[in-house]
Amino acid sequence: MATLTLQGIKKRYGPVETLKGIDLDLEDGEFLVLLGSSGCGKSTLLNIIAGLIEPSDGDVLIDGQSIVRVHPKNRNIAMVFQSYALYPNMTVARNLGFGLEMRGVAKADRQRAIEKVAAVLQIDHLLDRKPAALSGGQRQRVAIGRAMVRDPKVFLFDEPLSNLDAKLRVEMRTELKKLHQRLGTTIVYVTHDQIEAMTLASRIAIMRDGVVQQFAAPQEIYERPANLYVAEFIGSPGMNFIHGELRRQDGRIGILSKTGAAGASFLPLAAANLAAADAAIEARIDRPVILGIRPETVTLANSSTAAAPHLASFEAQVEVLEPTGADTLGTLRLGADQVTARLRPGDLQQAGGTARFAADMSRASLFDPETGLRIS
Amino acid sequence: MERQNPWLSFFVHLCALLLALFLLTPILWMLIMSVSTTNDLTTIPLRWMPRHIDFHRYVELLTVAENSAGEAFLASMRNSLAVATMATLGALLVAIPGAWSVSRSPGRQRLALYAVVATYMLPPVALVVPLYFALAALGALNSVFSLAVVYLSILAPFTTWLLKSSFDNIPQEIELAAMIDGARLDQIWRRITLPLAGPALATGGLFAFLLAWDEFFYALLFTADQRAKTLPVAIADLAGGRVSDYGLIATAGVLAAVPPVLIGFFLQKSLIAGLTTGGVKG
Ligand SMILES: Nc1ncnc2c1ncn2[C@@H]1O[C@H](COP(=O)(O)OP(=O)(O)OP(=O)(O)O)[C@@H](O)[C@H]1O
Ligand SMILES: [Mg+2]
């Protein structure tokens, strides 16, 4: 149980700055997910928290106390390594119990803790084996178990599920979430899987090239991405980007899409968007902007959608329909851009024609094409 | 398994057989000599197979009597064991921390090891005179201990080198994991690093022991009598008398081979490699 604070963490390797000033502040019991593509510095940051790498600059605080001068073994942190890092010369049981043994826990208590964790992770039949005789997924579970048996202040996980098959991955994800709900320990979890990030995190920090792009709750990141990179990174299928200009037409402000085969469309902004950043929007009139809309906010237009003020309707050509079972993904052409819509099955019978759609502009994002930053 | 050409297979077996013959014949001949009578060994043409099996030389070398060959031989055996054991243990004691720190520290520090290993390239002849004067000045000639120290200086770089490559193969993350699990450095070494380096420790130790056991040049120059003479020197003494009993030399050779063979036999199990698999992703 602890708060964790990172203040201006920098890490330089020679001339290369791998981390460029990371500031994060976690409350007690938070589940932080560090999300980013390969090489953005996630593991480096995690290792700095663990004390395995010294930061070039900045401070790490647990419960408000700086720990950068504290030896890793005294930080009371448990870590699951990206590469498992099991002890090959010890049985699974010894691997699990090693941390307790080093902390002088009595043998009987150790035994009980090992058995409990092994049962949760379904590795109780493997306790007498050595790591070499385990499959990748089993090794990964032992690595997770080794962290779980202890009662640390902070858990650090470095892509713990990356080697599991899809089914086990989902199971373990749920198991981790349960674990967190039960223990309430602060967790920092590294992944490049956005589903893991969305499902597990209380807050997500999206990293790119050693800089945090956005640090917010999953829903906030999903609904209000701070910039184009975040918008693109989160969501599957990804957010649609419509390139156009901000215009005032018939007293309403909206985006005029670029002219394509299907002509240009005018999508008026919702009142919600206008209220949020009036001045910022006024300043951009007649200048290029990028409109971001999520696939599930695009629906087939009908008589009721026409009346709703926050829905902008447009005509688009339906290029491809991809049924996934629960819903059907439609690839539409809007102006010069391609738009994916998550439609209900049976909405459209076949691709090729044009149809009218409605986009929920209250859930849309507006970005500056030059800086990539969110306008509103 | 690939399908094999029968001729290729025949050829491979032939080569193996020749190699075995080449390696084993001298040993076989040594064994035969050690149990042949002197007459059989000195007739011309030579008798390859002895008429009687004769163990009297073994008895001679293993009984202690005043001023006998046995007394000299057993004393040298004792000296050799002491020198080789001290030198080997010393070498491992120096090599383990040395090799570990070089293996775990990045880039430039490694130069130190290369420099040390470079001294290994010098021929013993280049070192023997300065060493002799140094030992003489310290009054340390003809001593088992100082011979062990000289050997240690030869063995340490080589064992360090060997152990370093073995430590390099142990992923550092395993040690880091142990550190986060709360282990002190000595606990990490005892519980994880050294067990994982077991095969290399055994190999390094065995090679160091053999090197010290067989060393002749320094031993010949730095020792003078039974207090410090080692086996190779003692065996050479057997050949240096007016009448050489070749059978006796062979017997001494057989007996001298026993301790290393025994050690190798007991280390056999730990010489099997592959202990480090399974700790990290493949
Ligand atoms: N010891 C080092 N010396 C120099 N550069 C390093 C070192 N360690 C890491 N880097 C660099 O720092 C960057 C971040 O590495 P890091 O391991 O933190 O990435 P990551 O986000 O964990 O990626 P992945 O998802 O692939 O694990 C990489 O570009 C890497 O090359
Ligand atoms: Mg990583």
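All values below come from the heavy atoms of this structure, side chains included, with hydrogens, waters and symmetry mates left out.
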Extract all donor-acceptor atom pairs below 3.5 Å that involve side chains of residues 42-55 of chain A and protein atoms in other chains or at least two apart in sequence.
| residue | atom | partner | partner atom | Å |
| --- | --- | --- | --- | --- |
| K42(A) | NZ | G36(A) | O | 3.0 |
| K42(A) | NZ | S37(A) | O | 3.1 |
| S43(A) | OG | Q82(A) | OE1 | 3.2 |
| S43(A) | OG | D158(A) | OD1 | 3.4 |
| S43(A) | OG | D158(A) | OD2 | 2.9 |
| N47(A) | ND2 | S43(A) | O | 3.3 |

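- Counted within 6.0 Å of CZ on F11(B), heavy atoms from surrounding residues, nucleotides or ligands total 12 or fewer; the atom is thus considered open.
- The shortest distance between side-chain heavy atoms of L176(B) and F81(A) falls below 4.5 Å.
- Residues D181(B) and K73(A) are not paired through a salt bridge, judged by the lack of any N-O separation under 4.0 Å between the basic side chain and the carboxylate.
- Across R146(A), R94(A), M79(A), R103(A), the residue that shares the most heavy-atom pairs under 4.5 angstrom with chain B is R103(A).
- A distance of 14.5 Å separates CD1 of I180(B) from CE of M102(A), quoted to the nearest 0.5 Å.
- The 12-atom threshold is not exceeded at CZ of F10(B), counting heavy atoms of other residues, nucleotides or ligands nearer than 6.0 Å.
- Heavy atoms of other residues, nucleotides or ligands lying less than 6.0 angstrom from CZ of F207(B) number 12 at most.
- Separating the CZ atom in F98(A) from the CZ atom in R191(B) is a distance of 5.0 Å, to the nearest 0.5 Å.
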Going by atom type alone, with no hydrogens or angles, which donor-acceptor pairs under 3.5 Å involve a side-chain atom of residues 116-129 of chain A and a protein atom two or more places apart or on another chain?
| residue | atom | partner | partner atom | Å |
| --- | --- | --- | --- | --- |
| R129(A) | NH1 | A133(A) | O | 3.1 |

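- When all heavy atoms of A177(B) and A85(A) are compared, the pair lying nearest together is CB-O, 3.8 Å.
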